[in-house]
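A quick note: this is a predicted structure, and the numbers were derived from the prediction, not measured. Sequence positions, counted from 1, serve as the residue numbers for this chain. Indexing begins at 1, ligand by ligand and atom by atom, following the structure's order.
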Amino acid sequence: MTTGPGIGASIGIALFPDTAADAEQLMLQADTALYRAKQEGRNTRRFYQAQMGAELRDRLALERDLRLALEGNQLRVVYQPQVDIRSGRLTGFEALLRWTHPERGEISPADFIPIAEESGLILQIGEWVLGAAAREAARWTAPLEVAVNVSAVQIHAADFVGTLRDILARSGLDPSRLEIEITETALVRDAGRAAETLEAIRALGIRVAMDDFGTGYSSLANLRTFRFSRLKVDRSFIRDVDHNRQSAAIVRAVLGLGAGLDIPVVAEGVERQEELDFLRRESCASVQGFLIGRPQGIEHFAEQTSGRRAHLDGGARPPLRVVG
Ligand code: C2E
Ligand code: MG
Ligand code: MG
């Protein structure tokens, strides 16, 4: 069975009298199972199971709460530093969304972004994040860069380019300081239109980086079609890169690709000094990760955004310096 963007079928199955007592319940359960089948990648079938109902209710509740979160000031943006590996200088930040739910506490974007994408709420949320990050960066004295994650749904929305243009105009941010990060899923559906949108974004002076490289299709054709500003190697390849031969081979290959295509590579999720040493030896351009700095409120980086300091503090972590 194909899983491409063409026509497909998802099937939900419920059984009478196994789980359903009457026709109405049977239909509801089949519907719940269908929802699950769609959620799990479509072109598949699922049998209704009792816990599916509870999970679906939970998801719908979260969707309702997410709607309220936007109005209720429950969302905020944290900033994770990105550092030039040779000079050790801070070059900018990746903006990452945080949601503090009034009852459940912190909810990971990995859990709520998919809900936002499915419900269409990502359009409002994504615009809010872009606006907040652009306004924030426009206030900095130091011309540091800010990278914002943009979902495939946003790329394919009508007039996303217009939204970006408005955000630049309202914030006054120099477009060269803004980078959007997209994953390859944004390029799968209607690649032709995605290419046009990305070109129009580049024409505004905004850079486009490829996020999580290596985990998706990792299509080399995509690298030829779009001129990405940077390739971000997914953190699953950076973990243990210093002593995992497979990871090392993959990271070296991506670095080689980046060098050949003249696209700087950013390593994500650098947690250990040995990983950083490996990346430096292999001439990776930039790094991001807990070893360098965790995502935090921008006030933690006041020294850097004000231009008083070009490097991050040593603090408890070893300072990032160029070694021999
Ligand atoms: P991403 O864009 O790949 O962001 C990097 C993720 O890795 C972040 O997780 C970051 O906190 C985490 N990370 C960074 N360094 C390390 C490290 O050294 N070790 C480990 N274990 N993790 C590290 P986070 O903030 O939970 O975000 C998860 C994903 O949610 C992001 O992955 C991105 O795909 C999505 N996301 C976050 N904010 C937004 C947003 O505003 N819009 C959209 N569309 N997606 C977002
Ligand atoms: Mg990202
Ligand atoms: Mg990533």
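The protein non-hydrogen atom at the shortest distance from atom 38 (N) of ligand 1 is Leu97 N, 3.1 Å. Of the protein's heavy atoms, Phe290 CE2, 3.2 Å lies nearest to atom 16 (C) of ligand 1. Scanning the protein for heavy atoms near atom 3 (O) of ligand 1, the closest one is Asp212 OD1, 3.0 Å.
The main-chain N or O of His101 is never found under 3.5 Å from a side-chain atom of Glu106 such that the two would form a donor-acceptor pair. Formation of a donor-acceptor pair under 3.5 Å by the Glu71 side chain with backbone atoms of Leu68 is not found in this model. Asp211 places no side-chain N or O within donor-acceptor distance of the main-chain N or O of Ile182, the cut-off being under 3.5 Å. A donor-acceptor contact shorter than 3.5 Å links the side chain of Arg193 to the backbone of His156. Formation of a donor-acceptor pair under 3.5 Å by the Glu282 side chain with backbone atoms of Phe278 is not found in this model.
Atom 29 (C) of ligand 1 is not flagged as protein-proximal [any protein heavy atom, distance under 4.0 Å]. Inside a 4.0 Å radius of atom 7 (O) of ligand 1 there is at least one protein heavy atom. Contact annotation for atom 11 (O) of ligand 1: protein present (non-hydrogen atoms, distance under 4.0 Å). For atom 32 (O) of ligand 1, the nearest protein heavy atom lies 4.0 Å or farther away.
Contacts with ligand 1 closer than 4.0 Å are made by heavy atoms of both the backbone and the side chain of Asn149. Contact annotation: for Pro295 versus ligand 1, heavy atoms closer than 4.0 Å belong to the side chain alone. Heavy atoms of Arg235 found under 4.0 angstrom from ligand 1 belong exclusively to the side chain. Looking at Leu291 against ligand 1, nothing comes within 4.0 Å, counting heavy atoms. With a heavy-atom cut-off of 4.0 Å, Thr183 does not touch ligand 1 at all. Under 4.0 Å from ligand 1, the heavy atoms of Ile113 that appear belong solely to its side chain. When non-hydrogen atoms are compared, ligand 1 lies under 4.0 Å from the side chain of Glu94 (C-beta onward) but not from its backbone.
Remark: Arg177 does not engage Glu145 in a salt bridge, criterion side-chain N to carboxylate O under 4.0 Å. Using a cut-off of 4.0 Å between Lys/Arg side-chain N and Asp/Glu carboxylate O, Arg272 and Asp277 are scored as not salt-bridged. Electrostatic pairing of Arg104 and Asp58 counts as a salt bridge here, judged by a charged N lying under 4.0 Å from a carboxylate O.
Scanning Pro114, Ala147, Ser151 for the heavy atom closest to atom 44 (N) of ligand 1 points to Ser151.
Polar contact check, Pro109 against ligand 1: no nitrogen or oxygen pair lies under 3.5 Å apart. The shortest N or O to N or O distance between Glu268 and ligand 1 is below 3.5 Å. The shortest N or O to N or O distance between Asp211 and ligand 1 is below 3.5 Å. Checking only distances, Val129 never comes within under 3.5 Å of ligand 1, N or O to N or O. The distance criterion of under 3.5 Å between nitrogen or oxygen atoms is not met by Gln288 with respect to ligand 1.
In this structure, Asn73 places its CG atom where only 12 or fewer heavy-atom neighbours from other residues, nucleotides or ligands lie under 6.0 Å away. Counting heavy-atom neighbours within 6.0 Å of Asp22 CG, excluding the residue itself, gives a total above 12. The local environment of CZ in Arg227 is sparse, with at most 12 non-hydrogen atoms from other residues, nucleotides or ligands closer than 6.0 Å.
The shortest heavy-atom contact between Ser229 and Pro264 is O-CD, 3.2 Å. Across all their heavy atoms, Leu187 and Ala194 have their closest contact at CD2-CB, 4.0 Å. Considering every non-hydrogen atom in both Ala33 and Met52, the closest pair reads CA-SD, 4.0 Å.
The residue from Arg235, Lys232, Arg239 that alone fulfils the salt bridge (charged side-chain N to carboxylate O under 4.0 Å, His left out) condition with Glu268 is Lys232.
The shortest heavy-atom distance from Arg98 to ligand 1 is under 4.0 Å.
Residues forming a salt bridge (charged side-chain N to carboxylate O under 4.0 Å, His left out) with Glu127 (at least two apart in sequence, or on another chain): none.
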Task: Stepwise side-chain hydrogen bond (donor to acceptor under 3.5 Å, both in side chains) test for Asp84 and Ser87 - done: CA-CA 6 Å; Asp84 175 85; Ser87 65; 2.9 Å; yes
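For the Mg ion (ligand 2), the set of protein N/O/S atoms nearer than 2.8 Å consists of Glu94 OE2, Asn149 OD1, Glu181 OE1, Asp211 OD2, ordered by chain and number.
Per-residue contacts place Gln80 under 4.0 angstrom from the following atoms of ligand 1 (heavy atoms of the residue considered): 14 (C), 15 (N). Listed by number with element, the atoms of ligand 1 under 4.0 angstrom from any heavy atom of Glu271 are 17 (C), 18 (O), 19 (N), 20 (C), 21 (N).
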